[in-house]
Novice: 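Please see the structure below; I have some questions.
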Amino acid sequence: ADKLFHKPYDMRDVKVTEWHEDFPAFKEGVKDLDRMYQNVINSAFSSVSTVASGMELLEVFSSLATRDSIVHTVMLCEETVYTLFAADLNAVKHHFDSLKRSPPLHSDHPRYSGAAIWTRTLQNRVKSQWLAIKNATFLNNRARMAELEPQYAVFVNALEEYINKLFLDWKISVEDLGPLTTMLESHLLKRDPGSRLLTLSFPAPLLSIFAEVYYWEKLRRTDVPATCHDIISQRDALRVLRANVALVVSDYNDILSSLT
């Protein structure tokens with residue numbers, strides 16, 4: 001542009017013919033710049049594989065898109081982000097549907113709350129992407145967003161219902177155990193008749209309940225079954241008791257083994 005406006009002639013002079021040659025060259029140069037910028041945008045998006053990375057690029061390029069051709073290119077790339085989200089939504093759906101009957105649990109997670117944590121992880125994965133899309137001020141294709149929103153909402157609600165069902169099933173399983181305090185009336189130590197060694201005999205259902213409550217609280221579900229209120233209030237003391245008894249068992253067995 002500077003070169004065009006600093007030509008050694010008056011562009012307002014209708015007798016000057018050079019202007020009719022220089023201005024088309026200038027317009028062609030602008031078109032070349034447009035094509036170069038479009039190539040940069042397309043090249044950047046060619047390696048995009050996640051919604052997060054696509055959103056970062058869209059935010060940058062949208063702020064620089066003023067010419068129609070650039071705006072059109074950015075909108076095509078915006079569709080790429082929507083396509084990535086739709087594909088990941090379907091992938092998570094398939095993953096959930098194929099494993100919900102037997103969720104993959106972490107080795108430290110109990111049955112019910114562990115499955116809920118797995119479900120919440122899937123839910124957060126989808127939700128974080130959707131919120132990034134919905135809250136973005138630089139996206140233009142609101143119709144495409146409106147098309148995807150019902151699919152997202154139905155799936156997220158289905159995951160929440162699954163978590164609620166897991167919590168209900170756990171509460172029923174606890175209530176089926178009956179009074180939990182009676183479990184504490186059993187002996188904590190047992191002796192093997194043959195080896196004479198001791199073993200710790202802490203009620204396994206109580207350990208499971210402690211673990212379940214711990215992780216349900218992480219999921220902000222504090223409405224535990226009424227039958228386990230008393231036990232839960234003592235869980236820290238019972239953990240200390242179990243640890244102390246385990247030390248006694250270990251020391252006793254070491255001493256007995258050394259004497260035989």
Side-chain angles (χ1 to χ4, degrees), residues 92 95-128 156-260:
V92 174
H95 182 68
F96 173 71
D97 290 338
S98 62
L99 296 176
K100 65 181 180 180
R101 295 185 183 279
S102 182
L105 303 181
H106 189 277
S107 59
D108 294 334
H109 290 172
R111 175 183 174 185
Y112 296 99
S113 57
I117 289 172
W118 170 73
T119 307
R120 183 73 80 205
T121 301
L122 297 180
Q123 190 183 59
N124 288 341
R125 170 177 163 180
V126 174
K127 186 178 290 186
S128 62
V156 167
N157 289 337
L159 295 180
E160 195 63 36
E161 289 175 3
Y162 180 75
I163 293 174
N164 291 337
K165 184 179 184 303
L166 287 169
F167 187 68
L168 179 61
D169 289 346
W170 172 66
K171 291 176 71 173
I172 292 173
S173 71
V174 171
E175 292 167 357
D176 289 344
L177 292 174
L180 301 180
T181 52
T182 59
M183 296 184 184
L184 297 177
E185 298 173 3
S186 61
H187 297 293
L188 294 180
L189 292 175
K190 288 186 178 181
R191 188 190 300 276
D192 184 88
S195 64
R196 308 289 293 173
L197 296 177
L198 296 178
T199 56
L200 175 62
S201 180
F202 195 89
L206 289 184
L207 294 176
S208 174
I209 288 173
F210 292 158
E212 290 282 3
V213 170
Y214 174 80
Y215 287 108
W216 280 119
E217 287 177 345
K218 293 289 185 184
L219 292 166
R220 301 189 178 185
R221 299 300 299 264
T222 56
D223 48 329
V224 298
T227 54
C228 62
H229 279 158
D230 291 340
I231 290 294
I232 295 304
S233 65
Q234 305 175 54
R235 60 182 169 181
D236 291 335
L238 291 173
R239 283 196 187 100
V240 173
L241 174 64
R242 181 174 179 272
N244 290 335
V245 173
L247 287 174
V248 171
V249 169
S250 177
D251 291 344
Y252 177 86
N253 290 342
D254 288 344
I255 294 171
L256 187 63
S257 298
S258 65
L259 297 176
T260 56

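Atom set for the values below is all heavy atoms of this structure, side chains included, hydrogens, waters and symmetry mates excluded. In this text, all values refer to a predicted model and were calculated from it rather than measured experimentally.
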Novice: Main chain of Ile117, side chain of Thr121: is a donor-acceptor contact present, judged purely on distance under 3.5 Å?
Specialist: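 The answer is yes, because a donor-acceptor pair under 3.5 Å joins these two groups.
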
Novice: Any donor-acceptor pair under 3.5 Å linking the side chain of Tyr162 with the backbone of Lys100?
Specialist: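 Flag set: sc Tyr162 to bb Lys100 pair under 3.5 Å.
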
Novice: Tyr112 versus Val174: any side-chain heavy-atom pair under 4.5 Å?
Specialist: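 Side chain of Tyr112 against side chain of Val174, heavy atoms only: no contact under 4.5 Å found.
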
Novice: Is any side-chain heavy atom of Arg191 less than 4.5 Å from a side-chain heavy atom of Leu197?
Specialist: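 No, side chains not in contact.
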
Novice: Which residues pass the side chain to side chain donor-acceptor pair (under 3.5 Å) test with Arg196, sequence neighbours left out?
Specialist: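 Expected list: none.
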
Novice: Indicate yes or no: at least one non-hydrogen side-chain atom of Tyr215 is less than 4.5 angstrom from one of Asp108.
Specialist: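 Counting from C-beta outward, Tyr215 and Asp108 do come under 4.5 Å.
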
Novice: Rounded at 0.5 Å granularity, tell me how far OG in Ser113 sits from NZ in Lys218.
Specialist: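 Rounded to the nearest 0.5 Å, the OG-NZ separation comes to 12.0 Å.
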
Novice: Measure the spacing between CD of Glu161 and CG of Leu168 and express it to the nearest 0.5 Å.
Specialist: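 One gets 12.5 Å once the value is rounded to the nearest 0.5 Å.
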
Novice: Just verifying a value: how many Å separate Ile163 CD1 and Lys165 NZ, rounded to the nearest 0.5 Å?
Specialist: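 It comes to 13.0 Å.
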
Novice: Is the closest side-chain heavy-atom distance between Asp223 and Trp216 below 4.5 Å?
Specialist: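 The answer is no; the side chains never approach within 4.5 Å.
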
Novice: With a 4.5 Å heavy-atom cut-off, do Arg242 and Leu207 have their side chains touching?
Specialist: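 When only atoms from C-beta onward are counted, Leu207 and Arg242 do touch, with a gap below 4.5 Å.
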
Novice: Should the pair Arg235-Glu212 be classified as a salt bridge under the 4.0 Å nitrogen-to-oxygen rule?
Specialist: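 Result for this pair is no, no salt bridge flagged.
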
Novice: What's the shortest heavy-atom distance between Asp192 and Gly194, and which atoms?
Specialist: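 Taking every non-hydrogen atom into account, OD2-N, 3.0 Å.
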
Novice: Would you check if Leu256 and Leu198 make a side-chain contact, meaning some heavy-atom pair closer than 4.5 Å?
Specialist: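 The answer is no, as the side chains (C-beta and beyond) never meet within the 4.5 Å cut-off.
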
Novice: Please list, chain by chain and in numerical order, all residues satisfying side chain to side chain donor-acceptor pair (under 3.5 Å) with Arg120, sequence neighbours excluded.
Specialist: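 With sequence neighbours excluded, Arg120 shows a side chain to side chain donor-acceptor pair (under 3.5 Å) to Gln123, Glu160, given in chain and number order.
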
Novice: Quick check: closest heavy atoms across Leu219 and Ala116, and the distance to 0.1 Å?
Specialist: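 Residues Leu219 and Ala116, closest heavy atoms: CD1-CB, 3.5 Å.
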
Novice: Please determine, by modelled atom types, if Asp176 and Ser173 share a side-chain donor-acceptor pair under 3.5 angstrom.
Specialist: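 No, because no side-chain N or O of Asp176 sits under 3.5 Å from a partner of the opposite role on Ser173.
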
Novice: Let's go through Leu159 and Val126 carefully: what are the C-alpha distance in whole Å and the side-chain angles of both, what is the deciding distance for side chain to side chain contact (heavy atoms under 4.5 Å, CB included) to 0.1 Å, and is it a yes or a no?
Specialist: CA-CA 11 Å; Leu159 295 180; Val126 174; 5.7 Å; no

Novice: Could you tell me the separation between the CG atom of Leu166 and the CZ atom of Arg221, rounded to the nearest 0.5 Å?
Specialist: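 Between Leu166 CG and Arg221 CZ, I get 10.0 Å after rounding to 0.5 Å.
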
Novice: Should the pair Phe210 and Phe202 be assigned to parallel (<30°), tilted (30 to 60°) or perpendicular (>60°) ring geometry?
Specialist: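 Ring orientation, 0 to 90° scale: tilted.
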
Novice: Of all heavy-atom pairs between Gly114 and His109, which one has the smallest distance, and what is that distance?
Specialist: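 Distance-wise, the nearest heavy atoms are CA-CB, 3.7 Å.
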
Novice: Calculate, to the nearest 0.5 Å, the distance between atoms CG and OG belonging to Leu200 and Ser250 respectively.
Specialist: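 If I round to the nearest 0.5 Å, the distance is 11.0 Å.
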
Novice: Can you measure from CG (Asp97) to NE2 (His95) and round to the nearest 0.5 angstrom?
Specialist: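 Separation between the atoms: 10.5 Å.
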
Novice: Ser102 side chain to Leu99 main-chain N or O, any donor-acceptor pair under 3.5 Å?
Specialist: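 Not a single qualifying donor-acceptor pair exists.
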
Novice: Side chains of Leu189 and Thr199: closer than 4.5 Å at any heavy-atom pair?
Specialist: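 No, too far: nothing below the 4.5 Å cut-off.
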
Novice: Do Leu177 and Pro205 have side-chain heavy atoms sitting under 4.5 Å apart?
Specialist: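 Yes - at least one pair of side-chain heavy atoms lies under 4.5 Å apart.
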
